[in-house]
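Read through the structure below, which is laid out as structure tokens, and then see the notes.
Naming convention: chains lettered A, B, ... in sequence-line order (proteins, then strands); numbering from 1 in each chain.
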Amino acid sequence: MVRTRFAPSPTGYLHIGGVRTALFCWLFARKHGGQFILRIDDTDQERNVEAALAPILEGLKWLGIDWDEGPGIGGPHAPYYQSQRADRYRAAVEKLIASGHAYRDYATTGEIQAEREAAQAEKSSFVYSRRFMAETPDDCKRFEAEGRQGVVRLKMPREGVLVLNDLIRGEVQFDWAREQDHVIQRTDGSCLYHLANVVDDEDFEITHVIRAEEHLSNTPRQVFMIQALGYRLPQYAHLPFVAEPGSKTKLSKRKLDKYLKNKDFADLVERGRKIAERIGHPTEADAFNPVIVDFYESVGYLPEAIVNYLALLGWSLDDKTEHFTIQNLIDNFSLERVGKSPASFDCQKLWAFEDRHFQLLPLRKKLELAAPFLRKAGFANASKERIQAVLLAAGDRIKVAGDILAFDEFFLRDGAFPYDEKSLEKHLKKDEAWELLKKFRDRLAAADPFDVPALEKLMHDFTAAENIKTNQIIHALRVAVTGKSVGLGLFDTLAILGKAACLARIERALGMIGIC
RNA sequence: GGCCCCGUCGUCUAGAGGCCUAGGACACUGGCCUUUCACGCCGGCAACACGGGUUCGAAUCCCGUCGGGGUCACCA
């Protein structure tokens, strides 16, 4: 039975790189009919773990990454919070000491630091002298009598080579002598991450440790503990990390300002902001950030699009398949086809995936996704029929659910929507287009039925009678009924609004430029 | 700096000795279509980091160089 795990730390947000790791773990488990476990790395968290965890769990759920054991559902190996497993870790520490694989150490941080610096001065690599290593209970008493406080350190081998077989990297070798005597238990008795990690993976029967590449260098100390404790060695797979847009540096939540200088990234934020502001979603830099998954959910991206994009960031099936449903991904995923080099986050490509997935949605589904945005923006009375008509006419102009708000002219009251000054100037005032508009208004008033084919014919007859080109009237008409110079197809626009609204709006537009 | 990882178009990638005058996608770009915007269609630009080997033949194997990144905590 394959068992993988994702172990987020309760930080209050779900990082896009972290999600990619979680996704790969999850896909691998699902592909092999195995289980995916969620464990919470909160060994150093003080309080508010639940609050800081909520956005993470919510993000995973939104993306469809579900877990078989962990927060909210428990499981046979509960608890799944490291903060609640301290006794397990202490027992492991005792066992390591008893077997001689770890020791109590009474050096102060200053003393360790001094040794480290001395080594650096000599340009040799630091190896702790073990000067304050306690080998017997008497040693402990002696050091403690001096007022020293003890930690527990790993007694790492000082010779030999570790050969690791990574499922993605292949064979990787490490010299044991380069490893430090890492601390595994603090003076206050609490245990550190690496120890906890090893104990939990054993307790939870994790078979495949799939994690980011940054953990590759800490693998030796973990393997050391696993072997010392007599645990079963899991298979390792170290994923390349997700890099900054246009760079190979690891993507970080903290560098928003830097990423904003990247045009594509800034565009992505801007597009999102237009929507977020309309629905009252906070857009402060910290909360509104494409590096955090919540960003996508808040403006109406499709989870399957994000998943599809993320899956291809480091993994590929072949030389042409790009579009995947989640089930497709599960069926085809394999660690063998994960690349080794870091993949940089490409905003435009993400956008393209969103577009493609969104256009494939049936109208019913688009309605379901777009309606809440209208509601949140204050258009509580927008009718289902009207929304559907706009959605249909908009076609791929709407790429994320929140984009429906760009077509608010269909949901605003006839006498209340704003006119774009420049468009008014350019298309209504200039060349006395308003004169044509007045004439056309009269024909419009007589139109019956008021549908797209009839309106097209009406326009055709009008331009023929006036001996003008269509574009001499069409722009003025658009601005008059929508206030904007861009929008849906003109005849769709007129038909959706209906005759009464069109006439009222034309009157109002003429009034705006002083013609009555 | 030590150790480790990585290095194909701007980006994501295909490529596991001849199928590669290196394929696809996004982006960019020329044109067509067109009532705006968008779409669509046709075309274009653009890469094997470098240097040595091995081989009849290398993007693919080996060595070196250079470049990028990660990691070196009583953080996770």
Reckon [X] has a side-chain N or O less than 4.0 Å from the OP1 or OP2 of [N]?
X: A:Arg116; N: B:A73; answer: yes
X: A:Lys340; N: B:G68; answer: no
X: A:Thr249; N: B:G69; answer: yes
X: A:Ser316; N: B:A14; answer: yes
X: A:Arg337; N: B:G15; answer: yes
X: A:Thr43; N: B:A76; answer: yes

* Asked: Judged by modelled atom types alone, do A:Thr482 and A:Arg478 share a side-chain donor-acceptor pair under 3.5 Å?
  ->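 Distance-only check fails for A:Thr482 and A:Arg478.
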* Distance-only polar pair, side chains of A:Asp355 and A:Gln359, donor-acceptor under 3.5 Å ->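 Side chains of A:Asp355 and A:Gln359: pair found under 3.5 Å.
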Which whole number of Å gives the distance between the [atom1] atom of [N] and that of [M]?
N: B:C72; M: B:A58; atom1: C1'; result: 37 Å
N: B:U11; M: B:C20; atom1: P; result: 24 Å
N: B:G67; M: B:U54; atom1: P; result: 27 Å

* Any N or O donor-acceptor pair linking the side chain of A:Lys349 to the base of B:A25 at under 3.5 Å? ->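 Checked by distance alone, the answer is yes.
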* Asked: On a plain distance test, is the side chain of A:His182 in donor-acceptor contact with the base of B:A73 below 3.5 Å?
  ->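 Checked by distance alone, the answer is no.
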Of the candidate nucleotides [options], which contains the atom at the shortest distance from the side chain of [X]?
X: A:Lys320; options: B:C74, B:U35, B:G24; result: B:G24
X: A:Asp41; options: B:A76, B:G69, B:G2; result: B:A76
X: A:Arg356; options: B:G24, B:C5, B:C26; result: B:C26
X: A:Tyr193; options: B:U35, B:A38, B:A76; result: B:A76
X: A:Asp396; options: B:A76, B:C26, B:C39; result: B:C39

* To do: Kindly state whether the ring of A:Trp67 and the ring of A:Tyr80 have centres lying under 6.0 angstrom apart.
  =>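 Centroid separation for A:Trp67 and A:Tyr80: 6.0 Å or greater.
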* In terms of ring plane angle, is the pair A:Tyr419 and A:Phe417 parallel, tilted or perpendicular, where the classes change at 30° and 60°? ->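 Answer is tilted, since the angle falls between 30° and 60°.
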* Give me the ring orientation class for A:Tyr193 and A:His215: parallel if the planes are under 30° apart, tilted from 30 to 60°, perpendicular past 60°. =>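 Tilted, since the angle between the ring planes falls between 30° and 60°.
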* Asked: How is A:Gly339 classified with respect to the nucleic acid when contacts are heavy atoms under 4.0 Å: base, sugar-phosphate, or nothing?
  ->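 No contact.
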* Asked: More 5' along RNA chain B: A:Ser341 or A:Ile474, using each one's nearest nucleotide?
  ->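 Nearest nucleotide further toward 5': that of A:Ser341.
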* **Whichever of A:Gln149 and A:Arg397 has its nearest RNA chain B nucleotide further upstream toward 5'** =>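 Result of the comparison: A:Arg397.
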* To do: For A:His215 and B:G70, say yes or no: do the ring centres fall under 5.5 Å of each other while the ring planes differ by less than 30°?
  =>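 Stack criterion not met.
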